[in-house]
Protein chains: 2
Amino acid sequence: MVTLAEVAQHAGVSASTVSYVLSGKRSISMGTRQRVEQSIQELGYHPNAGARALASNRSNIIALMVPLRTDMYVPVMMEIAIAVATTARTHGYDVLLLTGEEGPDAVRRVTGSGLADAMILMDVELDDERLPLLRGTDQPSVLIGLPADTSGLTCVDLDFGATGALCVEHLAMLGHRDIAVIGEAPAVYERHTGFAERTLDGLRSRSRELGLRLLHRPCEGGYDAMAVTLARVFDERPDTTGFVVQNESAVEPLLGLLRQQGRAVPEDVSVVAVCPDQVATQASVRLTSVAIPAQEMGRNAVELLVAKLDGRGTDEVVLIAPELTTRASTGPAPAKS
Amino acid sequence: MVTLAEVAQHAGVSASTVSYVLSGKRSISMGTRQRVEQSIQELGYHPNAGARALASNRSNIIALMVPLRTDMYVPVMMEIAIAVATTARTHGYDVLLLTGEEGPDAVRRVTGSGLADAMILMDVELDDERLPLLRGTDQPSVLIGLPADTSGLTCVDLDFGATGALCVEHLAMLGHRDIAVIGEAPAVYERHTGFAERTLDGLRSRSRELGLRLLHRPCEGGYDAMAVTLARVFDERPDTTGFVVQNESAVEPLLGLLRQQGRAVPEDVSVVAVCPDQVATQASVRLTSVAIPAQEMGRNAVELLVAKLDGRGTDEVVLIAPELTTRASTGPAPAKS
DNA sequence: CGACGGAGTCGAAGCGCTTCGACAAAGTAT
DNA sequence: ATACTTTGTCGAAGCGCTTCGACTCCGTCG
């Protein structure tokens, strides 16, 4: 392994000079800089991460805590993770992958050991048990998702409230009066993951404002669960013509079942989904949808974190404005029969 | 931050003793050990990762390189990543998430800087440009996937050859003679990702042995692409009664289109998929499938790596035997019309 | 009964880097 | 010309840990 000292010797300067060339923290003359850079090239020098971390008290690592369960929005999680990793690299950081398994202990371990300089937490619950720890440490962190109390925290998320409102508005504009919401699995609500509830709030309050009738039904993914849910919806509200779906794995079942029942999309029934664009465009009907901007969330989280690490930036909640893309699954409400 | 020295002082022993308590590399008397552990508890001590890495030349970090693209088997990748992370933790390792973006440079950077003790590479191509680097370093590594030349490398993968054979056998046993393979997107083949080709080899050679007629068509995911592909298949081989699908995002389109064409599954047409169980059970017809054992692959990779790091274990190729689960999408071939 | 070996502990020497203060050389203001 | 700042470089002191050799007790063996 090549060390700083060897590079210094090779370039005929002192070790500290090489260090300053690398960090740019003091001015270095052109000639020296070039000689050092040349030596680094020739010797194939890479600074030792451990030594650097020890001396500078900075690991240049960002910890990313992903949820352990893989029952929900997996592609979104993955896309966020990848966006985080690539964005972090552009700022000179690497990413440590932590699973939710260890829970709060992982936070303690990482902050305590100086393994990472900062953390990003995904899938934050409304009243997450890791939050007190984050508030109690001076290590910067960013949450992807919104807990109940955001004081002293930095958060990034899609504005799910506005997302719900947007879906309702779109359907209302097309003349739909009876709207059914196919929600996430009951477990998601029980777990108090904020986004599901916030969407629902948005849907409800905007429906009220617009005088629409809204029926919300949680739903596990898959055909069987969807069949039951759908039957109950039409049973309770036979005039339902608009659907809002917020469960990736319910999308295709819903479309299939509607087709099977002879309800044409979008002629008889309109469907708006909240899902990644990929799902929307690959479904059997190209779906009008509000995209989940995974990349943007990941990128934003890192930018905020880096700002904090650089002493810039403060606690703030960044809500990404939802965008609804009209595709083939929504149309004017059918004339009242 | 609490340091070793403070713990030592608090416990009334020397720093080295504390270190030995932590590592267990020398025997320590019961009394001392307990006193030290007590102090560690009380002070909330966490060893500093950087210092440890510097002194011991071990970071206790495993690097995981995931592919950058998210166009393929994303849930599988995620599941592997999570399995890697959790398994690594049980062995005292953390996981560094690298994206394929940097390519070979990432390998150089990580091995050069001592950031990680070992690497796991996912989505290895047949003639991957990172392989020479791996062979040239003494840092242990494990590949998930199989390159063309495995000499000097340790690899874990599903036995895709046997997987192909298994699919064909299953269909043959049910009396199907004309089989169509809906493959991955053409890009996947062009990229020379081994698994697609190996599956195809398995399918072909077993078909030949069993005297079946096999038609292979690559296919992008989605309904439109699938519609074109399917039309061509039945055009070319009208007697096709068996399908093998190896593209998650083609599964649902295929089922939808078959239904639309009035071909019942499994009465008229049987479908075998190679996909994660979750996809198989959530499809509109519960699919007979060969599972992609993501968890097992991730876990295996880590176990092999840890073995290498401990000086046990050697280069070897671990092929996981495929298992076919019969569900509702396959049945006896219809009587010849 | 003296030599010997194991168990348990300590001190000190690094690991490779960053960073601070010092200092020489050169430029700038008086 | 003097005093002062700026620029570029160096030496040395750590950062917190691991690990090696040394040392002290004991119990044991010949």
Side-chain angles (χ1 to χ4, degrees), chain A residues 1-37 39-40 43-61 92 94 109-117 309, chain B residues 1-37 39-40 43-61 92 94 109-117 309:
Chain A
M1 240 197 89
V2 189
T3 69
L4 228 214
E6 298 179 77
V7 173
Q9 190 174 11
H10 185 272
V13 297
S14 76
S16 49
T17 301
V18 177
S19 178
Y20 286 124
V21 168
L22 252 30
S23 68
K25 295 194 177 173
R26 284 201 183 174
S27 51
I28 298 285
S29 67
M30 267 292 263
T32 307
R33 156 169 290 115
Q34 287 182 349
R35 237 170 334 118
V36 170
E37 276 164 359
S39 298
I40 289 176
L43 301 179
Y45 168 71
H46 286 272
N48 181 85
R52 193 166 245 194
L54 177 56
S56 67
N57 209 18
R58 283 285 218 116
S59 64
N60 286 298
I61 288 179
D94 272 297
R109 195 168 57 84
V110 167
T111 60
S113 67
L115 228 189
D117 297 332
L309 285 166
Chain B
M1 239 197 91
V2 189
T3 69
L4 227 213
E6 298 179 78
V7 174
Q9 191 175 11
H10 186 272
V13 297
S14 75
S16 49
T17 301
V18 177
S19 178
Y20 286 124
V21 168
L22 252 29
S23 70
K25 293 195 178 173
R26 285 201 185 171
S27 51
I28 299 285
S29 67
M30 267 293 263
T32 306
R33 155 168 290 114
Q34 287 181 348
R35 234 165 341 112
V36 169
E37 276 163 358
S39 298
I40 289 177
L43 301 179
Y45 169 71
H46 286 273
N48 181 85
R52 193 167 245 193
L54 177 57
S56 67
N57 210 18
R58 284 287 217 115
S59 64
N60 286 298
I61 289 179
D94 272 298
R109 194 167 59 84
V110 167
T111 60
S113 66
L115 227 188
D117 297 332
L309 285 165

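The sequence lines fix the lettering, A, B, ..., with proteins before strands; numbering per chain opens at 1.
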Practice task
Indicate for each nucleotide in nucleotides 18-28 of chain D, in 5' to 3' sequence, whether protein heavy atoms under 4.0 Å reach the base (B), only the sugar-phosphate (S), or nothing (-).
Solution key: BBBBB------
Rounded interatomic separation in angstrom, taking [atom1] from [X] and [atom2] from [N]:
X        : N      : atom1 : atom2 : answer
A:Met1   : C:dC15 : CE    : C1'   : 10 Å
B:His46  : D:dC15 : NE2   : C1'   : 19 Å
A:Arg58  : D:dG16 : CZ    : P     : 16 Å
A:Leu115 : D:dG16 : CG    : P     : 16 Å
B:Asn48  : C:dC17 : CG    : P     : 16 Å

Handout entry: Check: A:Arg33 and A:Val36 side chains under 4.5 Å, non-hydrogen atoms
Key =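 Not touching, per the 4.5 Å side-chain cut-off.
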Let me check something: any side-chain donor-acceptor pairs from residues 14-21 of chain A under 3.5 Å, sequence neighbours excluded? List them with distances.
from	atom 1	to	atom 2	distance (Å)
A:Ser14	OG	A:Ser16	OG	3.0
A:Ser14	OG	A:Thr17	N	3.4
A:Ser14	OG	A:Thr17	OG1	3.1

Problem - Distance-minimising heavy-atom pair for B:Met1 and B:His46 - result: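 Residues B:Met1 and B:His46, closest heavy atoms: CE-O, 4.4 Å.
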Handout entry: Residues, nucleotides or ligands: over 12 heavy atoms within 6.0 Å of B:Gln9 CD
Key =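 No.
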Problem - Short side-chain N/O contact from B:Ser27 to OP1 or OP2 of C:dG8, under 4.0 Å - result: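 It does, given that an N or O in the side chain of B:Ser27 lies less than 4.0 Å from OP1 or OP2 of C:dG8.
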Practice task
Could you tell me whether the phosphate oxygens of C:dC15, OP1 or OP2, come under 4.0 Å of any side-chain nitrogen or oxygen in A:Thr3?
Solution key: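 So the side chain of A:Thr3 is outside the cut-off, no N or O lying under 4.0 Å from OP1 or OP2 of C:dC15.
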Exercise for the section: Mind checking A:Leu54 for me? I need base, sugar-phosphate or nothing, with any heavy atom below 4.0 Å counting as a touch. Expected result: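 Base, at least one base heavy atom under 4.0 Å.
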Give me, pair by pair, the N or O atoms of the protein and of nucleotides 26-28 of chain C that are less than 3.5 Å apart, along with how far apart they are.
none

